[in-house]
Asker: 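Just dropping this structure here.
Residue indices begin at 1 and follow the sequence shown. Every number for a ligand or one of its atoms is a count from 1 in the order of the listing.
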Amino acid sequence: MTAQILRGGPLATRIREEIAESIHRLTKMGGEQPSLATVLVGHHPAAEAYRNSIVKTLTRVEIHHRPVDLPAETDPTQFLANIQALNGDPRVTGVLVLMPLPDHLPSDLVLEHLSPLKDVDGITPTNAGRLHMGLPSLRPSTPQGGIELLDHYNIPIASARAVVIGRSNVVGHPLASLLMQRHATVTVCHRQTVDLGSICREADLLAVAAGHPGLVGPEMVKPEAVVLDFGVNVVDGRIVGDVDYDGVRQAAAAITPVPGG
Ligand code: ADP
C-alpha cells in the first residue's frame with residue numbers, strides 16, 4: 001500500500017484567492033489596505049528565507065509589506081522601542097518578528113510586549129490563552145494550516161485518536177488545543193515520553209513537530225494512520241521533515257510531503 005499524498009498547494013491557492021478577494025472588498029468599501037511589518041534582527045539564514053517566502057505571498061494577495069531591519073547587535077531596549085513603535089503605528093496592521101532572534105534577545109520580549117491586536121503569529125499570552133479557552137483569537141498559522149489541510153482532504157477529526165509529538169508554543173501545544181476543540185482524543189508526546197512508538201501506533205492522526213529528522217519510522221504507524229509532518233530540517237543541503245517519508249509512505253494511509261505539505 002502507498003499512502004495518499006496530502007499536498008498543500010491546492011489549499012494554499014484557494015486561501016490566497018479568498019484573502020485577495022476579501023482585501024479587494026475591504027478597500028472597495030473604503031477600508032485601509034492591510035500592512036504587515038516583518039522585523040528581522042541580524043542575518044539568520046532561516047529567518048531571511050522565511051521572510052522571502054512571506055514577501056512573495058504578500059505581493060500575491062496585495063498586503064503591503066513594511067520591512068524592519070535591525071542590526072544583529074541591537075540591544076533589548078532598542079529592540080523594544082521598535083516593537084512599541086510598530087504597536088502604536090496605525091498604518092501597520094500586523095507585526096511578525098522573524099525567529100530565531102540573536103541569543104541576547106530572548107523571544108519572551110516579543111511575547112510580553114507585542115500588541116495582541118497585531119500578533120499575526122498568535123504567540124502573545126492573550127492570543128494563546130484565548131486559543132486554549134476556545135475563544136476567537138489570532139491563531140498560529142502552522143497548526144491552523146494543519147487543521148485546514150485535514151478539512152481540505154475531508155479527513156475526519158472528531159473522535160479520532162490524535163497523537164502530537166512536540167509541545168512548542170507555536171506548533172505542538174496549539175495544535176493539541178485545536179484538535180481537542182474539534183473533538184479528537186489527544187495525546188501530546190515530548191522529549192521525556194517513554195515508548196513513543198507504542199503511543200504513535202495507536203494514532204489515527206499522527207502530527208509530528210519535533211525538529212528531529214527521521215524521528216517517526218514505518219514501524220511506528222498503523223496502516224490507517226494519517227501523518228502530518230511539520231518538521232523542517234536541513235540534512236545534506238536538502239529540506240526534510242521529522243518523518244522517514246519513504247518508509248512511512250509505504251506504511252500509512254496518508255502523509256504530508258516536506259516540503260509541499
Ligand atoms: P517547533 O517550534 O517546530 O514545534 P521546538 O524545537 O520549539 O519546535 O520544539 C520541539 C518539541 O519537540 C519540544 O516540545 C520537544 O519536547 C519535542 N521533541 C524534540 N525531540 C523529541 C524526541 N526525540 N521525541 C519526542 N519529542 C521530541
Asker: Does a side-chain heavy-atom distance below 4.5 Å link Leu36 with Val95?
Answerer: no

Asker: Distance to 0.1 Å, residue and atom name: give those for the protein heavy atom nearest to atom 26 (N) of ligand 1.
Answerer: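 Going atom by atom, the protein heavy atom closest to atom 26 (N) of ligand 1 ends up being His190 C, 3.1 Å.
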
Asker: For ligand 1, which atoms, with element, lie under 4.0 Å from some heavy atom of Gly166?
Answerer: 11 (C), 12 (O), 14 (O), 17 (C)

Asker: Would you say the side chains of Ser137 and Asn127 form a donor-acceptor pair under 3.5 Å?
Answerer: no

Asker: Any salt bridge between Asp236 and Arg238, counting N to O under 4.0 Å?
Answerer: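 Arg238 and Asp236: not salt-bridged.
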
Asker: Is the shortest distance from atom 6 (O) of ligand 1 to a protein heavy atom below 4.0 Å?
Answerer: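 Given the 4.0 Å cut-off, atom 6 (O) of ligand 1 does not count as touching protein heavy atoms.
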
Asker: Report the member of Gln192, Arg191, His173 with the shortest heavy-atom distance to atom 15 (C) of ligand 1.
Answerer: Arg191

Asker: Show me which atoms of ligand 1 lie under 4.0 Å from any heavy atom of Val170.
Answerer: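 So the answer, numbered in order with elements, is 2 (O).
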
Asker: Name the closest protein heavy atom to atom 13 (C) of ligand 1, giving the residue it belongs to and the distance to 0.1 Å.
Answerer: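 The answer is Arg167 N, 4.0 Å.
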
Asker: Report yes or no: does a heavy atom of Thr193 sit under 4.0 Å from some atom of ligand 1?
Answerer: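 No heavy atom of Thr193 comes that close to ligand 1.
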
Asker: Name the closest protein heavy atom to atom 2 (O) of ligand 1, giving the residue it belongs to and the distance to 0.1 Å.
Answerer: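 Among all protein heavy atoms, the one nearest atom 2 (O) of ligand 1 is Ser168 OG, 3.2 Å.
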
Asker: Does the distance from a Lys or Arg side-chain N to an Asp or Glu carboxylate O, for Arg249 and Asp244, drop under 4.0 Å?
Answerer: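 No, no charged N to carboxylate O under 4.0 Å.
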
Asker: Identify whether the distance between the nearest side-chain nitrogen and carboxylate oxygen of Lys118 and Asp89 falls below 4.0 Å.
Answerer: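 A salt bridge is absent here (no side-chain N lies under 4.0 Å from a carboxylate O).
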
Asker: Among Cys189, Pro174, Pro143, Ala210, which one has a heavy atom closest to atom 12 (O) of ligand 1?
Answerer: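 Looking at heavy atoms only, Ala210 sits closest to atom 12 (O) of ligand 1.
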
Asker: Got Leu215 and Leu196 here, is their nearest side-chain heavy-atom distance under 4.5 Å?
Answerer: yes

Asker: In ligand 1, which numbered atoms sit nearer than 4.0 Å to a non-hydrogen atom of Val171?
Answerer: 4 (O)

Asker: Looking at side-chain heavy atoms only, is the closest gap between Leu96 and Ile54 below 4.5 Å?
Answerer: yes

Asker: For ligand 1, which atoms have a heavy atom of Ile165 less than 4.0 angstrom away?
Answerer: 25 (C), 26 (N)

Asker: Using 4.0 Å as the upper bound for N to carboxylate O, is an ion pair formed by Arg139 and Asp121?
Answerer: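 Between Arg139 and Asp121 there is no salt bridge, as every charged N stays at least 4.0 Å from the carboxylate O atoms.
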
